[in-house]
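Read the numbers this way: they start at 1 and go in the same order the structure lists the ligands and their atoms.
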Amino acid sequence: MKISIIGNNLTALVLAKVLLKKKIQVDLFYEENTTKNLKSVRTIGITQSNVLFLNKYFKGIEKIGHKIDKISISTERQKNDLLNFENNSNFKFAVFKYENIYKFVKSSLKKEKNFKSFKTKLDKKLVQKKYLLSYDLVIDINLRNTLSKKFFSRKIKKDYFSRAYVTIINHKQIKNNIAKQIFSSSGPLAFLPISNNKTSLVYSIFDNNSSKINEEKVINLIKNYNTKYKITSFEKFESFKLQFSLLRNYFKQNVLAFGDQVHTIHPLAGQGFNMTLRDIKYFLKLIDEKVKYGLSLDSSILKDFEKNIKYKNVIFANSIDFIHEFFKFEKKLPKGLSEKLFIYFNKNSAFKKYISILADRGF
Ligand SMILES: Cc1cc2nc3c(=O)[nH]c(=O)nc-3n(C[C@H](O)[C@H](O)[C@H](O)COP(=O)(O)OP(=O)(O)OC[C@H]3O[C@@H](n4cnc5c(N)ncnc54)[C@H](O)[C@@H]3O)c2cc1C
């Protein structure tokens with residue numbers, strides 16, 4: 001069995017590895033090196049069950065992430081923890097520097113005999129019919145080439161009129177195992193510990209005119225909300241326009257669309273890559289079933305994948321969107337009422353357990 005993957009981001013490499021473990025031959029095609037990407041300050045929070053899944057394929061990957069035991073949530077008006085999610089026996093999620101996890105995954109592919117990667121002009125290659133026919137399946141993660149523009153153009157989109165500002169703060173050493181999310185009046189601000197003296201910040205700031213806010217203003221806002229860290233310096237800032245988008249069809253012929261471009265969500269819950277990992281798990285399950293019954297891999301597997309995963313992704317992505325809209329609306333509620341609401345939810349252990357399971361494993 002032979003699968004081609006288009007793209008060389010983290011999703012592409014993880015997918016390549018898990019398919020190789022199923023004894024599938026993988027050819028990976030890409031256009032650009034990721035060196036520029038790796039100099040980024042970006043981090044990824046990965047939930048406990050997904051870290052354990054990755055650890056099965058990438059032994060020791062668990063150790064390069066910083067484990068978080070508690071998540072606390074507060075708002076502009078109510079500075080104390082309104083909601084907190086704890087795990088006494090195990091970690092809730094782990095935060096990875098993108099560069100570290102990328103390099104770890106990439107180096108594990110070096111020893112794989114059934115893996116080949118080709119740097120090539122994608123458009124020239126992909127539009128050839130014989131290319132598609134030479135593979136059982138093609139998985140497109142790049143989704144910016146002529147082929148994907150033809151196959152996967154229909155999307156549901158929403159503009160958040162927000163930009164995420166991402167940086168890392170260096171600070172005095174502390175026990176740093178609690179992630180904090182503040183729903184500030186400018187937008188959600190997340191503090192995600194990556195070591196005892198470094199914390200990643202993701203600040204999604206509302207802005208209607210789509211131009212960037214200057215760095216100094218963002219730093220002042222952060223300093224205003226930071227009550228915990230003795231900050232010694234800020235690393236560089238990166239910023240992204242935030243959008244919600246869901247692809248309407250996941251496959252065409254023997255080509256499957258995959259990864260962030262299939263479902264782009266607001267980063268407030270740190271679930272984008274986690275959704276992709278859940279997609280990978282389900283795809284593997286379908287492959288196992290085919291192999292078990294001696295069936296070949298063809299577009300029927302893509303049909304099953306779309307049928308069983310798309311609706312879950314739609315519900316999950318919309319739940320994240322609902323949280324975003326809820327906290328925008330919460331600011332308009334009378335303070336007493338909003339306080340009562342949060343006290344009720346925070347005391348409700350069944351509710352908290354359900355939310356924790358949902359965030360960890362999805363639907
Ligand atoms: C600000 C922000 C924070 C996020 N935090 C989490 C998280 O904690 N947990 C999680 O599961 N998913 C998170 N996501 C989604 C996650 O970044 C992507 O799913 C993941 O990076 C895909 O990586 P890739 O290498 O496969 O794809 P790539 O092709 O490298 O990237 C795809 C997307 O990643 C996002 N991205 C690019 N640079 C950064 C950066 N510096 N910081 C964050 N995202 C970037 C962009 O939206 C881009 O379109 C976040 C997204 C954003 C925009």
Checklist entry - Would Phe305 and Phe283 count as a close aromatic pair, with their ring centres under 6.0 Å? => result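 When the ring centroids of Phe305 and Phe283 are compared, they turn out to be within the sub-6.0 Å range.
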
Next on the checklist: In this structure, is the centre-to-centre distance between the rings of Phe29 and Tyr131 below 6.0 Å?
Outcome noted: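 Centroid distance Tyr131-Phe29: below 6.0 Å, so yes.
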
For ligand 1, the portion of [X] having any non-hydrogen atom under 4.0 Å away:
| X | value |
| --- | --- |
| Tyr102 | neither |
| Val202 | side chain |
| Glu238 | side chain |
| Asp260 | side chain |

Checklist entry - Glu76 and Ser185: side-chain hydrogen bond (donor to acceptor under 3.5 Å, both in side chains), yes or no, with the steps? => result CA-CA 6 Å; Glu76 174 90 32; Ser185 57; 3.1 Å; yes

Next on the checklist: For atom 51 (C) of ligand 1, which of the options Ser40, Pro267, Gly270, Gly272 provides the nearest non-hydrogen atom?
Outcome noted: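 Answer by nearest heavy atom: Pro267.
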
Checklist entry - Of the choices Ala269, Gly45, Gly7, Ala190, which has the non-hydrogen atom that lies closest to atom 9 (N) of ligand 1? => result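 Minimum heavy-atom distance to atom 9 (N) of ligand 1 goes to Gly45.
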
Could you list which atoms of ligand 1 come closer than 4.0 Å to a heavy atom of [X]?
| X | result |
| --- | --- |
| Asn9 | 24 (P), 25 (O), 26 (O), 27 (O), 28 (P), 29 (O), 30 (O) |
| Thr11 | 24 (P), 26 (O) |
| Ala164 | 1 (C) |

